[in-house]
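Quick note: numbers below take in every heavy atom, side chains included, and nothing from hydrogens, waters or symmetry partners. A quick note: this is a predicted structure, and the numbers were derived from the prediction, not measured.
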Protein chains: 2
Amino acid sequence: MANINDIARRAGVSVSTVSRVLNHHPYVSQLKKAAVQRVIDELDYVPNRSAVDLIRKETRSFGVIMPYNNNQAFDQLLHGILNRSVERDYTVMVLPTKYNTEKELSYLNKLKNKQLDGIIITSRANSWDAIIPFTKYGAIVACEYTEHPEIGCAYMDRYGSYLETFQILKDKGHSHVAFTTARGEESNSTQLTIKAYQQIFGNFPPEYHIKDCYSIADGVRAAQQLLQSELNPTAIYANGDEVATGIYKYARSIGIGVPEDLAIIGQENQPVGIGLELSTVDHQLVKVGELAFDLTIEKSKEKVEIPYRIILRQSI
Amino acid sequence: MANINDIARRAGVSVSTVSRVLNHHPYVSQLKKAAVQRVIDELDYVPNRSAVDLIRKETRSFGVIMPYNNNQAFDQLLHGILNRSVERDYTVMVLPTKYNTEKELSYLNKLKNKQLDGIIITSRANSWDAIIPFTKYGAIVACEYTEHPEIGCAYMDRYGSYLETFQILKDKGHSHVAFTTARGEESNSTQLTIKAYQQIFGNFPPEYHIKDCYSIADGVRAAQQLLQSELNPTAIYANGDEVATGIYKYARSIGIGVPEDLAIIGQENQPVGIGLELSTVDHQLVKVGELAFDLTIEKSKEKVEIPYRIILRQSI
DNA sequence: TTGAAAGCGCTAACAG
DNA sequence: CTGTTAGCGCTTTCAA
């Protein structure tokens, strides 16, 4: 592979001149510029990216911390991020953690070792206190709200949407309302769900909260636990449309009508919810992702809230 | 930020010794090793990745060319790739093309400029002839079959699965069978679909082939075109479960029974298909992704076929 | 407008 | 076992 010296030699100029034409600097004579360009084309030369990054001290690439991909919510966020990255000619690295704190820290280290200019956190395993020291090495923006002034935030109004959803349920006459979440109280969304729930309905029996829900199968399991007990919830707020689907299918399989006997509402407006006419709250995650990227590239520490939309269909 | 010279100086050793402990080389006295490690910890030092990549001439990172993410098929492939990349401590860059040939070539260039050690192509816009020259600079593996000996392939047996699916439809007595595809004949999958179709049913009116189908909405559009004409297909093979869902919903909305009046079968075993009990052919794309990664890391040019599974549910 | 030269931060002969 | 030194391939003063 040819390098900049080869180009310089064959074009009969110095490496600085080659560098200048490479970077479109002014003050290069047309003559030399043409000569250099000819050799570049001839040798099909492109500058070594590591060398450029090393001296420029930036890589024009961002990392995206997510527990895993192939999940509607995270893929929507990633999609938004990719939209913008293409426009701005940045490159994005996917950093899957499975909520492993060590792994997550090792990814944050890529800021320190100058492999990444910035990191977008879609969901995290570590505490902010563990994360914030890394802001010294590059922009860190989160897809959730946090007070910390070091962290830019592009977030959906989770608390507001939960409040409104529970209120709708209450207004429809439901008082026995159960809900599902992905993780336990270590998760921000779970905390907000519980807080909003209590705000509207007051305390609840712990059996009304089903954790570890990610997939259709988890929804089935949740429904089994909820519907076979004497808890008799009349409504369930699922943490995603796939989970809602599992609940719906199980309910129907044992002859429970939706929404007559059981109201179901999911989240994120996924295809499966559209297919089954499930009501849902759309947190517009693609937009959140796009904004998160914008904040990162601007090294902004702003807190920007994206509005949610509640979509009422047949299941409530 | 401290660099290797700072560490060497403060530890009272040479940079080579620091480099040795960094890279776990043998033949470093316990004493010096400890001294170096102490300073490293003290200064919270990590080696600059660009410098290391520059001299090592490798980055331990792969790129994944895909038209876009947030699509069940590509996200499954990516998921498989990420699974393995975490295990092997590689990093992956997502390279979304929207099937733009220029963009795709610019990504392939990242092999040449040493930004990437290898690239996995999940779907492509360029011809192989345009792509193959880049194999000189790094491993390129595809998630589709190609004869070219320079390209490793981890692929699903598309042709076989299409053949079997059409045969099943034929065996069930269908002779008026329509189908949808994402792209036109520039796409490998589309070509194989048509070839398999003709193999089983012979030629077909061009109206039986609906293109540009990606989403539920596209499925609705396809169904409108197909069901309102006098073509009267009795079965439709959709190129994905979301498209199948759109077809299903539209059919139901105009009083057409599934499967009595219309058989529908989709692809990729997506959640929405599970929810609606749609039959599907699962190409096991997560496995394909995992294998593609393995081939890339081994710089293998093997052709490995992953078996498909036809999942019969209620729609056929 | 141009080139020489000094790095960027690291690895790996090579010599001791 | 350890240090010296020569790069890796590029950008950017600085002086001309």
Side-chain angles (χ1 to χ4, degrees), chain A residues 1-40 43-61 109-117 137-138, chain B residues 1-40 43-61 109-117 137-138:
Chain A
M1 273 293 294
N3 65 25
I4 198 173
N5 293 294
D6 301 329
I7 307 298
R9 198 173 320 118
R10 291 185 56 145
V13 301
S14 72
V15 293
S16 359
T17 297
V18 176
S19 175
R20 287 187 186 105
V21 347
L22 246 23
N23 296 292
H24 308 290
H25 278 278
Y27 309 130
V28 182
S29 68
Q30 290 304 317
L31 219 70
K32 302 217 169 196
K33 181 186 271 187
V36 168
Q37 195 56 57
R38 194 175 315 117
V39 178
I40 287 179
L43 269 54
D44 198 20
Y45 164 79
V46 305
N48 178 302
R49 183 66 178 254
S50 300
V52 175
D53 289 349
L54 173 59
I55 199 158
R56 289 229 176 106
K57 294 171 193 322
E58 65 162 33
T59 58
R60 291 184 72 82
S61 60
N109 249 303
K110 290 178 183 297
L111 244 29
K112 199 198 289 188
N113 73 12
K114 309 257 74 181
Q115 188 175 181
L116 256 23
D117 295 348
Y137 308 109
Chain B
M1 276 292 294
N3 64 25
I4 199 174
N5 293 296
D6 301 328
I7 306 298
R9 199 174 318 118
R10 293 185 56 145
V13 301
S14 72
V15 293
S16 4
T17 298
V18 176
S19 175
R20 287 186 187 106
V21 348
L22 246 24
N23 297 291
H24 308 292
H25 278 278
Y27 311 130
V28 184
S29 69
Q30 290 304 317
L31 219 70
K32 302 218 169 192
K33 180 187 271 185
V36 168
Q37 193 56 56
R38 194 174 316 117
V39 178
I40 287 177
L43 268 53
D44 200 19
Y45 163 80
V46 304
N48 179 301
R49 183 65 179 253
S50 301
V52 174
D53 289 350
L54 172 58
I55 199 159
R56 289 232 176 102
K57 297 175 190 316
E58 65 162 33
T59 58
R60 291 185 72 81
S61 58
N109 249 302
K110 290 178 184 298
L111 243 30
K112 200 198 288 190
N113 72 12
K114 308 258 73 180
Q115 188 176 184
L116 256 22
D117 296 347
Y137 308 109

Check this for me: A:Arg60, atom CZ, are more than 12 non-hydrogen atoms of other residues, nucleotides or ligands nearer than 6.0 Å? yes
* Asked: Short question: side chain of B:Asn23, backbone of B:His25 - any donor-acceptor pair under 3.5 Å?
  ->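 Looks like no, no N/O pair under 3.5 Å.
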Using whole Å, report how far [atom1] of [X] lies from [atom2] of [N].
{"X": "A:Leu31", "N": "C:dT2", "atom1": "CG", "atom2": "P", "value": "9 Å"}
{"X": "B:Met1", "N": "C:dC8", "atom1": "CE", "atom2": "P", "value": "14 Å"}
{"X": "B:Ile55", "N": "C:dT11", "atom1": "CD1", "atom2": "C1'", "value": "4 Å"}
{"X": "B:Ile7", "N": "D:dG3", "atom1": "CD1", "atom2": "P", "value": "15 Å"}
{"X": "B:Leu54", "N": "C:dG7", "atom1": "CG", "atom2": "P", "value": "18 Å"}
{"X": "A:Asn5", "N": "D:dC10", "atom1": "CG", "atom2": "P", "value": "8 Å"}
{"X": "B:Asn113", "N": "D:dG9", "atom1": "CG", "atom2": "P", "value": "13 Å"}
{"X": "A:His25", "N": "D:dT11", "atom1": "NE2", "atom2": "C1'", "value": "8 Å"}

> For A:Pro26 and B:Leu22, take the nucleotide of DNA chain C holding the closest heavy atom to each; which residue's nucleotide lies nearer the 5' end?
Replying inline: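 The residue mapped nearer the 5' terminus is A:Pro26.
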The residue, B:Val15 or A:Pro47, whose nearest nucleotide of DNA chain D is more 5′ is B:Val15
Please classify the nucleic acid contact of B:Ser29 as base, sugar-phosphate, or nothing, using heavy-atom distances under 4.0 Å. sugar-phosphate
Please work out if A:Lys114 contacts a base, only the sugar-phosphate, or nothing of the nucleic acid, heavy-atom cut-off 4.0 Å.
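Here A:Lys114 touches no strand at all.
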Side chain of [X] (C-beta onward), nearest among [options]:
{"X": "A:Arg20", "options": "D:dC10, C:dT11, C:dT2", "result": "C:dT2"}
{"X": "B:Ala51", "options": "C:dC10, D:dG3, D:dG9", "result": "C:dC10"}
{"X": "A:Ser16", "options": "D:dC8, D:dT11, C:dG3", "result": "C:dG3"}
{"X": "A:Asn23", "options": "D:dT4, C:dC10, D:dT11", "result": "D:dT11"}
{"X": "B:Val13", "options": "D:dT5, D:dG3, C:dC10", "result": "D:dG3"}
{"X": "A:Thr17", "options": "C:dC10, C:dG3, C:dC8", "result": "C:dG3"}

Can you tell me how far apart [atom1] ([X]) and [atom2] ([Y]) are? Round to the nearest 0.5 Å.
{"X": "B:Leu54", "Y": "A:Asn48", "atom1": "CG", "atom2": "CG", "result": "5.5 Å"}
{"X": "A:Leu22", "Y": "A:Ile4", "atom1": "CG", "atom2": "CD1", "result": "5.5 Å"}
{"X": "A:Met1", "Y": "B:Tyr137", "atom1": "CE", "atom2": "OH", "result": "5.5 Å"}

Taking NZ, NE, NH1 and NH2 as the nitrogens, is one of them in B:Asp53 or B:Arg49 under 4.0 Å from a carboxylate oxygen of the other?
yes
Within less than 4.0 Å of OP1 or OP2 of [N], is there a side-chain N or O belonging to [X]?
{"X": "A:Asn48", "N": "D:dG9", "value": "no"}
{"X": "A:Lys57", "N": "D:dT11", "value": "no"}
{"X": "A:Lys33", "N": "C:dT1", "value": "no"}
{"X": "A:Tyr27", "N": "D:dT12", "value": "no"}

